[in-house]
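To find a chain, count down the sequence lines: A is the first, B the second, and so on, and within it residues start at 1.
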4 protein chains.
Amino acid sequence: MSHSIAILGASGYTGAELVRLIATHGGMEITALGAHSKAGQTMAEVFPHLRHLDLPVMSKIDEIDFSGIDLCFCALPHKTSQGVIAALPRDLRVVDLSADFRLRDPAAYETWYGNPHTAVEMQGEAVYGLTEFYRAEIRAARLVAGTGCNAATGQYLLRPLISAGVIGLDDIILDLICGVSGAGRSLKENLLHAELSEGVQAYAVGGTHRHLGEFDQEFSALAGRDVRIQFTPHLGPFNRGILATGYVRGEAEAIHAAFAEAYAGEPFLRLLPLGQTPSTHHVRGSNFCDIGVAADRIPGRTVITAALDNLTKGSSGQALQNANLMLGEPETRGLMLAPCYP
Amino acid sequence: MSHSIAILGASGYTGAELVRLIATHGGMEITALGAHSKAGQTMAEVFPHLRHLDLPVMSKIDEIDFSGIDLCFCALPHKTSQGVIAALPRDLRVVDLSADFRLRDPAAYETWYGNPHTAVEMQGEAVYGLTEFYRAEIRAARLVAGTGCNAATGQYLLRPLISAGVIGLDDIILDLICGVSGAGRSLKENLLHAELSEGVQAYAVGGTHRHLGEFDQEFSALAGRDVRIQFTPHLGPFNRGILATGYVRGEAEAIHAAFAEAYAGEPFLRLLPLGQTPSTHHVRGSNFCDIGVAADRIPGRTVITAALDNLTKGSSGQALQNANLMLGEPETRGLMLAPCYP
Amino acid sequence: MSHSIAILGASGYTGAELVRLIATHGGMEITALGAHSKAGQTMAEVFPHLRHLDLPVMSKIDEIDFSGIDLCFCALPHKTSQGVIAALPRDLRVVDLSADFRLRDPAAYETWYGNPHTAVEMQGEAVYGLTEFYRAEIRAARLVAGTGCNAATGQYLLRPLISAGVIGLDDIILDLICGVSGAGRSLKENLLHAELSEGVQAYAVGGTHRHLGEFDQEFSALAGRDVRIQFTPHLGPFNRGILATGYVRGEAEAIHAAFAEAYAGEPFLRLLPLGQTPSTHHVRGSNFCDIGVAADRIPGRTVITAALDNLTKGSSGQALQNANLMLGEPETRGLMLAPCYP
Amino acid sequence: MSHSIAILGASGYTGAELVRLIATHGGMEITALGAHSKAGQTMAEVFPHLRHLDLPVMSKIDEIDFSGIDLCFCALPHKTSQGVIAALPRDLRVVDLSADFRLRDPAAYETWYGNPHTAVEMQGEAVYGLTEFYRAEIRAARLVAGTGCNAATGQYLLRPLISAGVIGLDDIILDLICGVSGAGRSLKENLLHAELSEGVQAYAVGGTHRHLGEFDQEFSALAGRDVRIQFTPHLGPFNRGILATGYVRGEAEAIHAAFAEAYAGEPFLRLLPLGQTPSTHHVRGSNFCDIGVAADRIPGRTVITAALDNLTKGSSGQALQNANLMLGEPETRGLMLAPCYP
């Protein structure tokens with residue numbers, strides 16, 4: 001028996017990625033697709049790569065009948081999402097891919113996103129969607145807030161080390177390079193091929209990137225004290241993938257052991273042998289996150305690296321993984337696609 | 001019950017693509033991997049993106065025990081393949097991805113490949129592996145010769161038109177651009193990133209590309225007379241994908257209708273509405289081949305276009321499709337992956 | 001003594017390319033930069049790569065004082081350009097990079113561009129800017145209309161052959177792939193990196209591309225009869241460069257000889273030895289156009305190829321070459337930059 | 001009057017880049033080109049983009065007559081270079097682009113490069129070629145050792161800050177991403193387009209990259225004490241460019257002021273306004289190095305970034321700048337090319 005699924009925001013990259021993954025899931029049927037400006041169009045018109053699938057035409061969200069829907073993915077932009085979700089039936093399972101319910105503290109939300117939250121009453125209900133660390137809560141949740149793609153990468157790289165107490169907390173540096181699909185299908189000059197290909201640039205330098213709100217919230221809760229990391233993202237000339245390089249104080253062996261323990265049995269976290277480094281090439285199109293650890297030549301310092309696909313493990317794959325839990329499906333269903341390489 | 005599968009030439013791109021596809025097939029188990037210089041290594045060492053899979057270590061081919069193997073994919077280089085296949089058990093089902101058994105006429109083989117064929121006796125046994133046009137023969141075959149990736153693209157674009165008699169046969173022009181994975185994982189200067197990215201060049205200009213041997217053989221057989229097309233391939237700065245643009249004499253409507261009839265019910269051939277054009281982006285990582293037809297401003301001339309992924313539909317996906325037929329599996333099993341876009 | 005130069009449309013790619021070339025010209029000083037929405041900004045803000053140059057702030061065009069300006073480059077969009085140029089002082093030398101004055105016949109202009117021309121009286125005055133073929137006229141001209149980038153490539157490839165009578169005129173096919181900067185710095189979904197990189201697609205299929213207006217005009221005039229070619233452009237995943245592949249009836253040796261004669265002494269046209277093919281990589285950032293000729297395996301047919309950089313030889317380099325002629329400078333001044341490879 | 005120039009190692013990327021730059025220098029004539037395996041070939045065969053230049057055929061190095069040569073660029077691989085240079089006339093000015101004479105201490109050389117130096121007696125004579133910091137010595141030098149491309153980038157980013165005493169010396173972190181041409185034109189699997197495009201990976205993780213030898217030597221000399229930085233390079237999917245991101249303790253304003261003072265009047269160092277970040281796109285093909293400074297949200301920490309083109313400012317442009325000084329030419333001659341963007 002198939003679950004009936006709605007996807008709001010189907011005309012964006014994370015929406016299309018959900019459709020791609022669900023196409024071979026086997027236990028889900030997409031019965032409603034919601035969009036704004038592209039309502040009335042077919043998925044084949046908006047994303048021709050999906051033209052072989054039998055999908056509903058895109059509708060305005062307020063014209064969708066949610067009775068009978070088992071779970072709704074909400075892949076809308078930040079700020080839009082909170083209003084839409086507040087208007088959905090209160091018993092509908094929702095996996096939100098936006099930033100709107102990631103921060104539990106309304107003041108933190110306002111600080112990082114620049115506007116007051118308009119659905120404050122639902123913030124308490126939302127469960128943070130980093131599956132491997134919130135599994136039990138997600139299973140029981142009605143509303144799950146998917147993590148940011150950079151935030152997911154950084155947390156896979158740092159959470160086990162903070163929990164195990166194997167690194168210093170006062171000078172963690174996270175340097176990261178992200179592919180362009182992380183910015184969505186929006187018409188911005190800096191996302192044009194001619195502006196991006198064949199080069200690289202840092203952005204949001206100096207601790208201004210919004211995903212720091214998630215790092216602060218999660219790492220501080222984990223450590224039981226305030227943790228503030230340094231974080232510099234770069235925009236790279238590729239479509240999919242995030243590579244994070246972390247600089248920490250701690251012994252490489254202990255760090256590697258902490259990862260090995262934390263990720264033993266995890267189906268999507270692939271820890272590399274000590275000294276090896278992951279590549280975004282090797283996770284493309286998949287739900288895997290690869291982790292590497294190497295001792296630095298300076299005693300007591302270690303370089304840690306993580307790679308994942310921002311659209312899959314960093315967003316829509318994570319969302320499907322959470323939906324599987326919420327619907328009582330096997331967690332890995334539809335998600336064991338091998339990376340697409342080369 | 002799973003079929004036991006061997007892959008020879010597992011250290012190349014088409015070998016890795018076979019593993020990627022079989023990983024979610026469900027009815028096949030890879031029990032032997034053969035390689036030359038990389039024998040003794042694990043697949044994870046040679047292709048780290050596949051490190052989550054439980055696979056046999058690569059062996060020298062002559063050390064593989066083929067008893068119990070249901071089907072063997074042979075993804076070895078041209079010229080090597082014929083000798084290896086000749087030495088395999090004579091009752092073992094084989095899908096060859098090389099060029100060695102594509103040409104039925106030994107003289108044609110020698111003309112295009114420059115050396116005499118060393119397994120002439122097996123050429124008659126081999127079935128040409130363009131699934132949609134040789135389905136019955138493939139089902140019954142022991143040895144299937146996968147088509148060239150350019151040859152597949154050109155045939156999807158031209159066979160139905162030649163069969164239906166809707167185009168002139170004396171001035172067919174096929175202009176094509178192929179991604180770099182078509183050249184394999186070989187160490188050649190022109191395949192370096194610095195030589196290839198951000199530009200494009202024609203090669204094998206003037207009718208010297210080996211896949212013309214396949215075009216000549218197949219189109220002539222189909223037409224019942226000699227057919228010689230013009231064919232210029234280009235090497236483009238992308239990894240996966242072939243786009244073919246054909247210039248033919250004939251009416252666009254009749255051509256579109258001939259495609260519609262020929263490809264009705266075909267699971268992997270997606271015919272676009274008249275006037276639209278396919279993109280390699282929209283087939284990446286999938287087994288689909290998209291087809292477009294547009295009338296030219298000059299009466300009686302039509303421009304036809306086809307896009308497929310050279311590693312999937314052009315090679316390993318096609319091979320798996322054929323293997324499914326040979327093993328009595330559903331033809332589409334393991335092959336309904338949606339394209340990976342963006 | 002330096003010529004005083006104005007550039008209108010300085011915030012686009014062809015405007016920036018003019019500034020790049022003039023930066024090492026030595027005999028020109030940029031004294032005015034005109035822009036619309038970016039008026040008031042510095043060039044360093046709009047194009048940070050040019051931040052070392054001492055340039056005027058961008059002004060609204062109607063605030064520029066053209067007295068003292070020796071020559072004005074107009075790098076504005078089609079349709080905008082004609083009105084702006086009509087309003088300039090009538091004795092000001094102008095090199096227009098838009099399409100507005102390329103077609104001598106107002107009816108042809110309206111057919112291809114979809115709107116009536118608003119400066120019909122100036123169309124007669126304009127000289128077509130394909131330097132090598134209109135040198136004398138350009139030297140004497142007040143208003144020069146730069147050719148389209150695809151149109152330039154196709155003409156370098158076909159004019160000498162039509163003039164020499166060495167090819168058939170009734171079945172010329174021009175297949176072309178162009179880099180993305182040819183579409184300018186405009187915010188269109190299909191120009192995003194995520195939509196373009198790692199793939200290729202045809203566009204304007206079937207004889208609908210506007211540069212056909214130039215081909216029709218020029219080839220027909222040259223042949224003394226109507227000539228209509230088939231032309232399919234493709235958009236490739238690279239920023240600079242056009243590669244044109246032509247399919248013609250004619251003997252390769254005669255064709256090569258016709259090129260050799262036509263381009264002997266031309267500083268920017270590099271004819272390759274018979275059988276070799278040019279690459280866009282080898283002209284990037286330069287004013288060169290490389291030409292290749294190869295006999296097809298079918299007797300009497302020849303494949304011809306040309307490569308140039310659309311922003312340089314196809315647009316701003318060509319414009320500077322013309323400006324040099326109009327100002328009495330050596331034609332190659334500022335244009336002998338070697339291609340930037342890799 | 002032109003200086004007579006020899007280039008050894010002309011068949012590599014840095015050799016070709018030297019030819020590209022010298023082509024518009026005006027005061028240099030290339031009279032000898034040396035190569036190993038490609039001796040006997042023309043430059044047009046090895047690098048077709050340079051086919052318009054009138055250049056000598058490549059010779060075996062021991063067949064070159066160095067009498068009459070004013071300066072010799074040596075663009076050979078590490079280890080090869082030292083023997084070749086030792087065999088050159090002792091009064092010939094030499095600019096070496098390899099690593100062989102960068103480290104003054106033979107033990108340090110052996111540590112980082114794994115073999116004993118075979119021309120130890122010349123190490124003392126060699127001047128370190130980071131022009132802006134060794135100008136007087138270079139002017140007087142016979143043998144100049146060009147810096148490593150990563151080493152140059154890191155030093156432009158850190159030297160003024162160490163000299164001015166505005167940063168802490170014990171926890172400097174340098175994270176860097178480099179384009180693929182930095183690895184040269186060598187046939188290695190990881191340099192293939194299919195392996196590199198559309199993704200990113202760290203390498204030489206943990207303080208094992210050879211350019212650390214230069215950092216240790218230079219930063220320690222500058223600080224008057226041992227300085228050991230952490231350094232992680234990444235390989236990015238682009239051909240030209242290095243972007244370095246540095247994490248330092250210090251106040252952003254003081255750091256910006258230190259750069260402003262150190263680089264005032266420097267023709268090739270472009271300091272951006274406080275808070276802005278450079279891009280490799282904006283230096284491509286040029287001799288510029290752009291520098292950015294931004295305060296971190298954590299008080300007392302600053303993020304600094306630098307971008308340059310590894311083949312130009314990081315290698316051949318730097319070499320030409322040094323050659324200009326050695327020959328009494330204006331330092332910027334032939335080097336004021338504006339970046340090639342997009």
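Heavy-atom pairs under 4.5 Å with chain D peak, among A:N239, A:I177, A:L192, at A:N239. For chain D, the option among A:R297, A:R301, A:Q201 with the highest count of heavy-atom pairs below 4.5 Å is A:R297. Of the listed residues (A:A295, A:G206, A:A307), the one with the most heavy-atom contacts under 4.5 Å to chain D is A:G206. Of the listed residues (A:G236, A:P278, A:G241), the greatest number of heavy-atom pairs within a distance under 4.5 Å of chain D belongs to A:P278. Between chain D and the residues A:A252, A:G275, A:A194, the most heavy-atom pairs under 4.5 angstrom are made by A:A194. Chain D forms more heavy-atom pairs under 4.5 Å with one residue of A:T208, A:T305, A:T232 than with any other, namely A:T232.
A side-chain contact (heavy atoms from CB on, under 4.5 Å) with D:D175 is found for exactly one of A:D175, A:V303, A:I173, namely A:D175.
No side-chain heavy atom of D:E198 sits under 4.5 Å from any side-chain heavy atom of A:T280.
Between A:Q230 and D:I298, the shortest heavy-atom contact is CG-CD1, 3.9 Å. Across all their heavy atoms, D:H281 and A:S197 have their closest contact at NE2-O, 3.1 Å. Closest of all the heavy-atom pairs between D:G207 and A:D296 is N-OD1, 3.8 Å. Looking at every heavy atom in both residues, D:P237 comes nearest to A:F238 through CG-CD2, 3.9 Å. The nearest pair of heavy atoms linking D:H234 to A:T245 is NE2-OG1, 2.7 Å.
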